Engineer: 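Sending over a structure as structure tokens; questions will come in a sec.
Just the heavy atoms: all of them, side chains too, but no hydrogens, waters or symmetry mates, feed the values below. Along the sequence shown, residues are numbered consecutively beginning with 1. Atoms within each ligand, like the ligands themselves, are counted from 1 in listed order. A quick note: this is a predicted structure, and the numbers were derived from the prediction, not measured.
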Amino acid sequence: MERVLITGVAGFIGSQLAERIHSKGLEVIGIDNFSTGNAENLSNLVDSRHFTLFRGDILKLKGLSKAFKDVGTVFHMAAQSSVPKSTEDPVQDFEINVRGTLNVLECARKTDVKKVIFASSSTVYGEASVLPTSEEHPFLPISNYGAGKAAAEAYCSSYSSLYGLKIASLRYYNIFGPRSRKGVMFDLLQKLQKDNKKLEVLGTGREAKDYLHIDDAVDATLLVAERGKLSGEAYNIGSGKSYSVKELVDKLLKILGLAGKTNPFYTGFSWLGDVQKTLADISKLKKLGFKPMVGIDKGMKTFVDWYRSKYGEIAAG
Ligand SMILES: NC(=O)c1ccc[n+]([C@@H]2O[C@H](COP(=O)([O-])OP(=O)(O)OC[C@H]3O[C@@H](n4cnc5c(N)ncnc54)[C@H](O)[C@@H]3O)[C@@H](O)[C@H]2O)c1
């Protein structure tokens with residue numbers, strides 16, 4: 001049975017990727033330091049004899065290298081995953097996202113690992129000059145988080161060229177769905193739970209982003225690992241559709257039965273480093289056979305249902 005290692009296995013994407021790979025009958029090894037990861041995300045896996053969890057930090061090379069024993073493929077998902085935190089503490093962001101990635105690549109080249117799939121981000125493009133944005137667009141990050149992901153991608157490229165490792169960087173856009181405990185949708189639900197008469201929304205409402213449901217993101221991740229060109233290539237992982245924050249707010253209020261009852265108001269500014277408009281050109285991913293299956297409305301419903309099951313009801317009216 002092939003062994004697959006997932007760093008950041010207790011996180012939003014890592015845990016759902018782990019479940020999918022495990023369901024294919026593969027042996028899954030996970031490592032996480034639980035800084036933002038959640039033990040509950042692993043509840044479907046912990047009792048399986050085909051799942052092994054290392055509680056550890058990717059910054060500690062010795063412990064990390066133990067997790068690489070007999071591993072064939074690595075999905076490197078562990079990261080400091082917040083743009084605002086990368087503004088507050090650029091050094092810590094660099095340590096985890098750049099040095100941490102270098103550690104993973106070092107372990108990979110010193111063992112029998114055949115493939116490394118790296119979780120990069122669309123933030124490497126910054127405020128893209130062309131929409132939809134293809135993988136050819138230059139790196140012009142406007143956040144430290146984006147800069148760190150770009151630097152880590154550069155190492156993926158050099159390690160692929162120098163040591164013959166098969167590597168791809170996945171530039172995830174806004175991935176949403178059950179277990180996502182950050183981002184605009186989670187933030188809005190938390191606020192509505194406290195007070196559903198009014199809703200403060202950061203920004204102008206005109207920011208427009210590419211959202212992809214977690215089920216599709218996992219599909220895309222596995223597709224690249226199985227069929228992608230792995231010579232340090234990058235792939236946009238998005239839906240190819242963009243929605244404004246105002247549209248999201250309207251959809252959310254409708255799902256909750258709060259349309260016309262809650263008064264949304266916009267602060268006019270978002271957080272530093274926030275890209276205002278994103279839209280992925282996903283032609284390269286489509287050539288591998290990718291087709292997003294979960295639309296925004298159905299996807300948001302799955303998210304709201306999950307939120308209610310974890311955090312309780314948001315009373316209508
Ligand atoms: N969710 C998105 O929309 C999105 C978009 C672009 C890129 N990404 C990238 O995809 C990956 C997964 O994102 P996510 O949304 O699941 O984030 P997440 O924060 O839920 O998961 C990251 C996981 O990494 C773990 N981790 C952090 N530092 C670690 C360390 N030093 N050692 C070991 N484990 C550590 C955390 O505990 C967490 O479980 C990240 O690399 C992120 O930057 C995510």
Engineer: Determine, using heavy atoms of H76 and all atoms of ligand 1, whether some pair is separated by less than 4.0 Å.
Structural biologist: no
Engineer: Among protein heavy atoms, which lies nearest atom 16 (O) of ligand 1, and at what distance?
Structural biologist: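 Heavy-atom neighbour on the protein nearest atom 16 (O) of ligand 1: I13 N, 2.8 Å.
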Engineer: Just checking K85: does its NZ atom have more than 12 heavy atoms from other residues, nucleotides or ligands closer to it than 6.0 angstrom?
Structural biologist: no
Engineer: Indicate yes or no: at least one non-hydrogen side-chain atom of L288 is less than 4.5 angstrom from one of Y235.
Structural biologist: yes
Engineer: Out of A119, S121, S86, G30, indicate the one that has the non-hydrogen atom closest to atom 10 (O) of ligand 1.
Structural biologist: A119
Engineer: Can a non-hydrogen atom of K182 be found less than 4.0 Å from any atom of ligand 1?
Structural biologist: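 Yes, K182 has heavy atoms under 4.0 Å from ligand 1.
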Engineer: For residues D219 and R20, determine if any side-chain heavy atom of one lies less than 4.5 Å from a side-chain heavy atom of the other.
Structural biologist: yes
Engineer: So which protein heavy atom does atom 39 (O) of ligand 1 come closest to, and at what separation?
Structural biologist: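 For atom 39 (O) of ligand 1, the nearest protein heavy atom comes out as D32 OD2, 2.6 Å.
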Engineer: Just go through G148, G37, S81 and tell me whose heavy atom is the nearest to atom 18 (P) of ligand 1.
Structural biologist: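 That would be S81.
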Engineer: Could you check which of G8, A79, A78 puts a non-hydrogen atom nearest to atom 27 (C) of ligand 1?
Structural biologist: A79
Engineer: Applying side chain to side chain contact (heavy atoms under 4.5 Å, CB included), can you list everything that pairs with P132, at least two apart in sequence or on another chain?
Structural biologist: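 Only L279, D281 meet the side chain to side chain contact (heavy atoms under 4.5 Å, CB included) criterion with P132.
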Engineer: Under 4.0 Å, heavy atoms only, figure out whether ligand 1 is touched by the backbone of R181, its side chain, both or neither.
Structural biologist: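 Looking at R181 and ligand 1, no heavy atom falls under 4.0 Å.
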Engineer: Considering non-hydrogen atoms of the protein only, which is the closest contact for atom 28 (N) of ligand 1, and what is the distance?
Structural biologist: S35 OG, 3.6 Å
Engineer: With heavy-atom distances below 4.5 Å as the criterion, would you say the side chains of M77 and L17 are in contact?
Structural biologist: yes
Engineer: Assess G56 for proximity to ligand 1: is some non-hydrogen atom of it under 4.0 Å away?
Structural biologist: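 So G56 counts as touching ligand 1.
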Engineer: What part of S120, side chain, backbone, both or neither, has a heavy atom within less than 4.0 angstrom of ligand 1?
Structural biologist: backbone
Engineer: Can you classify the ring geometry of H213 versus F176 as parallel (below 30°), tilted (30 to 60°) or perpendicular (above 60°)?
Structural biologist: perpendicular
Engineer: Counting heavy atoms only, which of F118, F34, Y172 is nearest atom 6 (C) of ligand 1?
Structural biologist: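 Nearest heavy atom to atom 6 (C) of ligand 1 lies in Y172.
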Engineer: So if I count the atoms of ligand 1 from 1 in the order they appear, which ones are less than 4.0 Å from some heavy atom of Y173?
Structural biologist: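 Close to Y173: 3 (O), 5 (C), 6 (C).
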Engineer: In terms of residue, atom name and distance, what is the protein heavy atom nearest to atom 30 (C) of ligand 1?
Structural biologist: N33 ND2, 3.2 Å
Engineer: Would you indicate whether the side-chain heavy atoms of F303 and L252 approach each other to under 4.5 Å?
Structural biologist: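 No - every pair of side-chain heavy atoms lies 4.5 Å or more apart.
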Engineer: Side chain, backbone, both or neither: which applies to I175 and ligand 1 if a contact is any heavy-atom pair less than 4.0 Å apart?
Structural biologist: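 Both of them.
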Engineer: Under the rule for ring-ring contact (aromatic ring centres under 6.0 Å, His included), what residues qualify as partners of Y172, not counting sequence neighbours?
Structural biologist: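 With neighbours one apart ignored, the set is empty.
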Engineer: Non-hydrogen atoms of F176 versus ligand 1: any pair closer than 4.0 Å?
Structural biologist: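 It does not, in that no heavy atom of F176 comes within the 4.0 Å cut-off of ligand 1.
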Engineer: With distance as the sole criterion, is a donor-acceptor pair present between the side chains of S239 and D210 under 3.5 Å?
Structural biologist: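 Per modelled atom types, S239 and D210 side chains form a pair under 3.5 Å.
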Engineer: Where is the nearest protein heavy atom to atom 9 (C) of ligand 1: which residue, which atom, and how far?
Structural biologist: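 It is Y145 OH, 3.8 Å.
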Engineer: Tell me the protein heavy atom at minimum distance from atom 20 (O) of ligand 1, and give that distance in Å.
Structural biologist: F12 N, 2.9 Å
Engineer: Which residue is it: V74, V104, D70, L105? I am looking for the one with a side chain to side chain contact (heavy atoms under 4.5 Å, CB included) to V113.
Structural biologist: V74
Engineer: So W306 and F186, would you call those rings parallel, tilted or perpendicular, with 30° and 60° as cut-offs?
Structural biologist: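 The arrangement is tilted - the two ring planes meet at 30° to 60°.
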Engineer: Would you check whether A10 reaches within less than 4.0 Å of ligand 1, judged by its heavy atoms?
Structural biologist: yes
Engineer: What protein heavy atom sits nearest atom 36 (C) of ligand 1, and how far off is it?
Structural biologist: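 Looking at atom 36 (C) of ligand 1, the protein heavy atom closest to it is T36 OG1, 3.3 Å.
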Engineer: Closest non-hydrogen protein atom to atom 12 (C) of ligand 1, residue and atom name please, with distance?
Structural biologist: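 It is M77 O, 3.5 Å.
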Engineer: Answer with yes or no whether I31 contacts ligand 1, where contact means a heavy atom under 4.0 Å from a ligand atom.
Structural biologist: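 For ligand 1, residue contact (heavy atoms, under 4.0 Å) with I31 is absent.
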Engineer: Output the distance between atom OH (Y145) and atom CD (Q80), rounded to the nearest 0.5 Å.
Structural biologist: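 Reported value, rounded in 0.5 Å steps: 8.0 Å.
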